[in-house]
Amino acid sequence: MSFDRSIKIAPSILSADFANFGQEIQAIEAQGADWVHIDVMDGHFVPNLTFGPMAVKAFRPHVKTVMDVHLMIAPVDPYIDAYADAGADVLTAHVEAGPHIHRTLQAIRAAGMKAGVALNPGTPVEAVAHLLNLTDLICVMTVNPGFGGQKFIDMTSKIRSLRSMIGDRPVHIEIDGGVDPITAPLVAEAGADVLVAGSAVFKGGSVDTPEVYGENIRNIRAAASGVWA
Ligand code: DX5
Ligand code: ZN
């Protein structure tokens, strides 16, 4: 995984057909996804429940790009090795998930993964000020985590502050929640480079009509790049 700040579209399989993850992952990658975003929810940190490390391990052979695992669980530390074993490339923990995010990020890197830290909409950017050298990705949530298809919450001033705090460090800014062709240019212009999109990628398509996924991905990318497809 080399570092660059070009726009990367990361479809969230939270909006995929839950009975058909392998084909759904293959379809989005064939249609231009740069990363595959996997939302792990525990029914405790967030009021929804998705899948655990065994399911993520089963997804791994289908992901040829980057497997970006977003943990919405608390606690995180007891599960880090299981997600390393499952083959996560990036493992992201929430700063709100416990008192020891500094230790968690160190443990994620020590387990051989890129370390991400996510910020809920209500959490100030200062929460990551002392973590910038321990992290490879900062995820700015633009919805309250737990569900796909929610309305985008404008966090552009937080993204701008973060971009200036990061400076030349090789740290991605990821945006998660309500990203579509209307909101993508706002976050890209503010400094984001990884755009997670669930409903906006999967809407209207299926593994039988994967070209719809391709059109949706191209529309988000073109909007973020300031050029309509
Ligand atoms: C929300 C998840 C997101 C979500 C995005 O808790 O972390 O990744 O799936 O879905 P959309 O793009 O539909 O807002
Ligand atoms: Zn997510």
Side-chain angles (χ1 to χ4, degrees), residues 7-16 18 24 28 33-51 56 66-74 76 88 90-97 101 116-125 127-128 135-163 166 171-205 213 216-217 219-225:
I7 295 291
K8 290 162 281 293
I9 309 296
S12 163
I13 62 165
L14 190 61
S15 293
F18 267 46
E24 290 276 42
I28 53 174
D34 299 290
W35 291 15
V36 175
H37 185 83
I38 298 178
D39 286 308
V40 173
M41 304 185 186
D42 67 353
H44 162 76
F45 178 69
V46 289
N48 195 6
L49 194 56
T50 55
F51 25 68
V56 174
V66 171
M67 192 156 85
D68 175 34
V69 179
H70 177 192
L71 298 180
M72 286 159 276
I73 68 172
V76 170
V90 182
L91 191 67
T92 296
H94 270 259
V95 76
E96 306 86 2
I101 186 67
V117 58
L119 294 169
N120 280 335
T123 302
V125 74
V128 297
T135 188
D136 302 289
L137 174 148
I138 300 173
C139 175
V140 176
M141 295 301 302
T142 40
V143 296
N144 286 296
F147 302 94
Q150 302 183 78
K151 191 174 166 353
F152 177 82
I153 302 167
D154 189 351
M155 290 281 138
T156 44
S157 72
K158 190 193 272 190
I159 301 165
R160 264 184 240 288
S161 307
L162 194 53
R163 185 68 198 85
I166 288 171
V171 179
H172 296 289
I173 299 180
E174 178 175 78
I175 306 303
D176 191 0
V179 172
D180 63 18
I182 306 296
T183 57
L186 305 175
V187 299
E189 202 267 325
D193 63 300
V194 184
L195 308 188
V196 175
S199 44
V201 166
F202 285 92
K203 75 157 194 252
Y213 298 161
N216 291 340
I217 290 170
N219 285 342
I220 298 167
R221 193 192 306 282
S225 313

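- Between Phe202 and Ser12, every side-chain heavy-atom pair lies at or beyond the 4.5 Å cut-off.
- Using a 4.5 Å cut-off on side-chain heavy atoms (C-beta onward), Arg160 and Glu189 make contact.
- Partners of Asp193 according to the salt bridge (charged side-chain N to carboxylate O under 4.0 Å, His left out) rule, which considers only residues two or more places apart in sequence or in another chain, are Lys8.
- Between the side chain of Ser161 and the backbone N or O of Val125, no donor-acceptor pair lies under 3.5 Å.
- Of all heavy-atom pairs spanning Ile173 and Gly191, the tightest one is CD1-O, 3.7 Å.
- Summarising the geometry, atom CG belonging to Leu195 is positioned 8.0 Å from atom CD1 belonging to Ile220; distances are rounded to the nearest 0.5 Å.
- Taking CG of Leu137 as the start and CG of Asp68 as the end, the distance is 6.5 Å to the nearest 0.5 Å.
- Inter-residue side-chain proximity for Ile182 and Phe152 is flagged as unmet; no heavy-atom pair is nearer than 4.5 Å.
- For the pair Lys158 (side chain) and Thr123 (backbone), a donor-acceptor distance under 3.5 Å is present.
- Two residues are said to be in side-chain contact when any heavy atoms from C-beta on lie closer than 4.5 Å; His70 and Glu174 fail this criterion.
- Across Ala223 and Pro181, no two heavy atoms sit closer than the pair CB-O, 3.3 Å.
- Rounding to the nearest 0.5 Å gives a distance of 10.0 Å between CG of Asp39 and OG1 of Thr92.
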Please lay out, stage by stage, how Val128 and Thr135 fare under the test side chain to side chain contact (heavy atoms under 4.5 Å, CB included).
-> CA-CA 9 Å; Val128 297; Thr135 188; over 6 Å; no

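- Taking the side chain as every heavy atom from C-beta outward, Leu162 and Ile138 approach each other to under 4.5 Å.
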Does the side chain to side chain contact (heavy atoms under 4.5 Å, CB included) test come out yes or no for Val36 and Ile13, once each step is laid out?
-> CA-CA 7 Å; Val36 175; Ile13 62 165; 4.0 Å; yes

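- Rounding to the nearest 0.5 angstrom, the gap separating the CE atom in Met72 from the CZ atom in Phe147 is 10.5 Å.
- Taking the side chain as every heavy atom from C-beta outward, Val179 and Val196 never approach each other to under 4.5 Å.
- In terms of the side chain to side chain donor-acceptor pair (under 3.5 Å) criterion, Asn216 has no residue partners (sequence neighbours excluded).
- A donor-acceptor distance shorter than 3.5 angstrom exists from the side chain of Gln150 to the backbone of Asn144, with no hydrogens or angles considered.
- Annotation for Val143 and Gly178: closest pair CG1-N, 4.0 Å, computed over non-hydrogen atoms.
- Val56 is listed as a side-chain neighbour of Met67, based on a closest heavy-atom distance under 4.5 Å.
- Taking each heavy atom of Ile28 and Ile217 in turn, the nearest pair found is O-CD1, 3.9 Å.
- Between the side chain of Thr142 and the backbone N or O of Asp176 there is at least one donor-acceptor pair closer than 3.5 Å.
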Derivation and outcome, side chain to side chain contact (heavy atoms under 4.5 Å, CB included), residues His172 and Val90 | CA-CA 11 Å; His172 296 289; Val90 182; over 6 Å; no

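- Among residue pairs with one or both ends in residues 41-51, none qualify as side chain to side chain donor-acceptor pair (under 3.5 Å); sequence neighbours excluded.
- Here the shortest heavy-atom pairing between Ala127 and Leu119 reads CB-CD2, 4.0 Å.
- His94 and Glu96 are linked by a side-chain donor-acceptor pair at a separation below 3.5 angstrom, with hydrogens and angles left out of the test.
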After noting the C-alpha distance and the side-chain angles of Phe51 and Ile38, does the key distance pass the side chain to side chain contact (heavy atoms under 4.5 Å, CB included) rule?
-> CA-CA 9 Å; Phe51 25 68; Ile38 298 178; 3.3 Å; yes

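- Taking both residues in full, the closest heavy atoms of Ala74 and Ala97 are given as CB-O, 3.4 Å, listed atom of the first, atom of the second, then distance.
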